Amino acid sequence: TSVPTMPLPSPIPTTTPVPTTPITSPLPTTAPTPVPTPAIVSDFESSFDAWTTSTFLRRSGSTPTSSTGPDSAHTNSYYAYAEATGNTLGGHFSMDRTFEHGVATISFEDHMFGVAMCTALLQGSDGGVANYTTLWAKSGDQGAAWHSASVSVETEGTQRLKFEYIATAFSDVADFA
C-alpha cells in the first residue's frame, strides 16, 4: 500500500527580520553636564565695566596719598579704589553689579595698605534684592601688595554683588583698592 503524500506548505513570508543579537536593556543615562557661565572680566581700563558706584574712583598709577593704596594696577593700567582722604569718620564706599545668569565664583585682587585700614566686604543678594549676605571680609593693613581672593557664590538666578569699604577711623592713610 502506498501512503498518499501531501505537499508541504510554502514558508510564511515575514516582514520583520528576526534579531540575531540578544536584546539588552538600555545603558544608564546621566544628567547633562551644565554649561559653565563664561568668565566676566572687569579690568576697569575704560570704565567701571557695569559696576555701579558714586564713591569708588578709577585710577592709573599710585593713589594721591603716600603710604596707602597701590602704586599701580594689578593687571593692565587702571583699578577701582576708595579714596579715604577728606572723608569723615564712618565714610561708606560701595560698588555693586547685577548678574542675570548666576555666579559660581568671583575672583578678584584687593589692596589694603595703610596704618588706618578699615573693613572691606563682598556681599551677595540672591534675586537681586537688597537683603545682602557677607561672602568675604578683610580688615586692617595687609601690606603694600595686591592679594588674590576667590569666593564661592553658587547661584543660578539673578545675583547682585556689592563691594563695600567702611572707614571707621578718621585718617587719610586708608585707601582700599
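The shown structure was predicted, so the numbers you read here are calculated from the model rather than taken from an experiment. These numbers come from the heavy atoms of this one structure, side chains and all, not from hydrogens, waters or symmetry mates.
Interatomic distance, Asp175 CG to Glu83 CD, rounded to the nearest 0.5 Å: 4.0 Å. Between Tyr132 atom OH and Arg160 atom CZ the span is 4.5 Å, to the nearest 0.5 Å. Considering CG of Leu122 and CG of Leu135, their distance stands at 5.0 Å, rounded to 0.5 Å. Rounded to the nearest 0.5 angstrom, Ser148 OG and Asp110 CG are separated by 8.0 Å. For the atom pair CE of Met112 and OH of Tyr81, the computed distance is 16.0 Å after rounding to the nearest 0.5 Å. Atom CG of Asp43 is separated from atom NE2 of His74 by 12.5 Å, given to the nearest 0.5 angstrom.
Within the 4.5 Å cutoff, the side chain of Thr158 has heavy atoms near those of the Thr98 side chain. Contact of the Thr63 side chain with the Thr85 side chain is not registered, since no non-hydrogen atoms from C-beta on lie closer than 4.5 Å. Residues Pro64 and Arg59 have side chains in contact (heavy-atom distance under 4.5 Å, counting atoms from C-beta outward).
For the pair Arg58 and Phe44, the cation-pi test (distance below 6.0 Å, angle within 45°) is failed.
Of all heavy-atom pairs between Asp49 and Ser42, the closest is OD2-CA, 3.3 Å. Taking both residues in full, the closest heavy atoms of Ser107 and Ser150 are given as OG-OG, 3.2 Å, listed atom of the first, atom of the second, then distance. Closest heavy-atom contact between Glu164 and Ser94: CG-OG, 4.2 Å.
Residue Tyr78 qualifies as open at atom OH: its count of foreign heavy atoms under 6.0 Å is 12 or below.
Between Phe163 and Trp51, the ring-plane angle classifies as tilted under the 30° and 60° cut-offs. The aromatic rings of Tyr165 and Phe93 sit tilted relative to each other, their planes meeting at an angle between 30° and 60°.
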